[in-house]
Amino acid sequence: MLTIKDLRVNYGGIEAVKGISFTVPDKSIVTLIGANGAGKSTTLRSITGLVKASGGSIQFDGTELLGLETPEIVTRGITLVPEGRRVFPDMTVIENIRIGAYLRKDDLEPDIEWVYSLFPRLKERSWQLAGTLSGGEQQMLAVARALMSHPRLLMMDEPSLGLAPLIVQDIFSIIQEINKQGVTILLIEQNANMALRIADQGYVLETGRISLSGTGKELLADESVKAAYLGKKK
Amino acid sequence: MSFTTFLQQCLTGISLGGAYALIAIGYTLVYGILRLINFAHGDIFMMAGYFMIFAMASLPWFLAIPVTLLVTVLLGVSIERVAYRPLRSAPRMSVMISAIGVSYLLQNLATYLFTALPKGYPEIPFLKRIFQIGGLSASFVTFLTPVLTLVLVYLLILLINHTKIGMAMRAVSKDYETASLMGIKINKTISFTFAVGSLLAGIGSILYFTDRMTVFPFSGSLPGLKCFVAAVFGGIGSIPGAVIGGFILGLGETALVAMGQSTFSDAFTFILLIVMLLIRPTGLFGEKTTDKV
């Protein structure tokens, strides 16, 4: 579905992504793990056109995305749940959900019902301002908002950041649920343990390069991954 | 001062305040979305005055008004396109200096094209009709201005809170990146904001100049500055703030003139600004700047 070849991105004068290649197959969950500054966020941001890549190619169902503006990329069925959630704090929950469907002109009600069934907490808080929600609820809202555009590929930048462990589990089980309903997922995480458990395929990013790849299970069992990202001694 | 005179002065003040409010909204809208003080806004207002003079020279008023408003909107949108958009990722100070540049450019362009001599503002017959209500008598425009202002503000608030483009404006004013992830076209939304601001400045210009009879190339600079003060006073970025700021300024100035202190009527505006900045730097309804990590 998504094929990235030799992607290079310069960010603030340094090469943050130094030629990475990977693929995201249709209906799968793929994760990129790695430390701070490894280039994970930059990779996602360049897929959505928020930062301009300096070389390589990003193909989505055979069309080249490089050089397209963000709204055009969103139109093609890719969406990003940004790092830090970035809900619109002065809008109500329902307005945040509706704005996720900004490009759509059809009836939104069935989809609003659908995201409310995924996140019943949001339904209770429908008229509350998004800025008054807790971190976990804001993360749920950010995911719900992203789903409203009917993405075929949903990308998430550190959905577990700053959330309590129980809530992280909730979020991850919902990610799996969304995937079962046919949405392809590209997830980046520092919480490598959680991410690799649900991933079909994982890639380890180190200073802008892919240093390891394998299925989620393979990487969980890998000694170097264990030592570097899972905090387990050999 | 008799009660009728008092009411008469209040009416004048509210009417002036209405025109100020319409212009102040332009400052506040643009600030809300670009974090830019559009110093050229007062000069757009002045240019709208000239456009009306030329439109009225060859067209009946009911055509001249829409033509003037359209040309004013085009001017506002083109200024954004040419002078601000290329600086989108530049530091904010550069855009502000560009705005000051545009302001001087328009003033000098007007001097060059139309000479510095004041030009007579055309009379729009129905606006100049004198009306009498009780002991009050004033031209129709004096009664119309505050009413029209409130109607336009109401429509604007409806637009911002209940339409898709309004939703896009609110999203863009908070967060460009996330807004574009929603599929919102940032530049289109900003152009639309300039169009709305310029349209209101155009309407304000017709109401304001109809009462003042002449336009000259610097007609926009003092009213522009005052309306900027009104926007800051009300809390820049807030539409109700700009409206209330505009009315307070209009009433305050008129009160000073009525008391025979017209020398100080301009000073009043700026004293008000200084006091407000000292007491409440974010203005009456200003955004609270809370940083949450």
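Heavy-atom basis, side chains included; hydrogens, waters and symmetry copies ignored. In what follows, chains are A, B, ... by sequence order, proteins preceding strands, each numbered from 1. Fair warning: this is a prediction, and the values are worked out from it, not measured in the lab.
- Of all the listed residues (B:A168, B:A179, B:S180), the one sharing the greatest number of non-hydrogen pairs under 4.5 Å with chain A is B:S180.
- Counting non-hydrogen atoms of neighbouring residues, nucleotides and ligands closer than 6.0 angstrom, the NZ atom of A:K5 reaches no more than 12 such neighbours.
- Between B:K174 and A:D90 there is a salt bridge, since a side-chain N of the basic residue sits under 4.0 Å from a carboxylate O of the acidic one.
- Looking at A:T75, there are no atoms closer than 4.5 Å to chain B (heavy atoms on both sides), in backbone or side chain.
- Heavy atoms of A:R104 lying under 4.5 Å from chain B belong exclusively to its backbone.
- With a threshold of 4.5 angstrom between heavy atoms, A:E95 approaches chain B through its backbone and through its side chain.
- By the neighbour-count criterion of 12 heavy atoms within 6.0 Å, atom CZ of B:R88 is densely surrounded, having more than that number from other residues, nucleotides or ligands.
- Contacts with chain A (heavy atom to heavy atom, under 4.5 Å) involve no residue of residues 230-240 of chain B.
- Here B:E177 pairs with A:R45 in a salt bridge; the nearest charged N to carboxylate O distance falls below 4.0 Å.
- Contact of A:A146 with chain B is not made at all, since no heavy-atom distance falls under 4.5 Å.
- Between the side chain of B:K164 and the backbone N or O of A:Y102, at least one donor-acceptor pair lies under 3.5 Å.
- Scanning residues 23-43 of chain B against chain A with a 4.5 Å heavy-atom cutoff picks out nothing at all.
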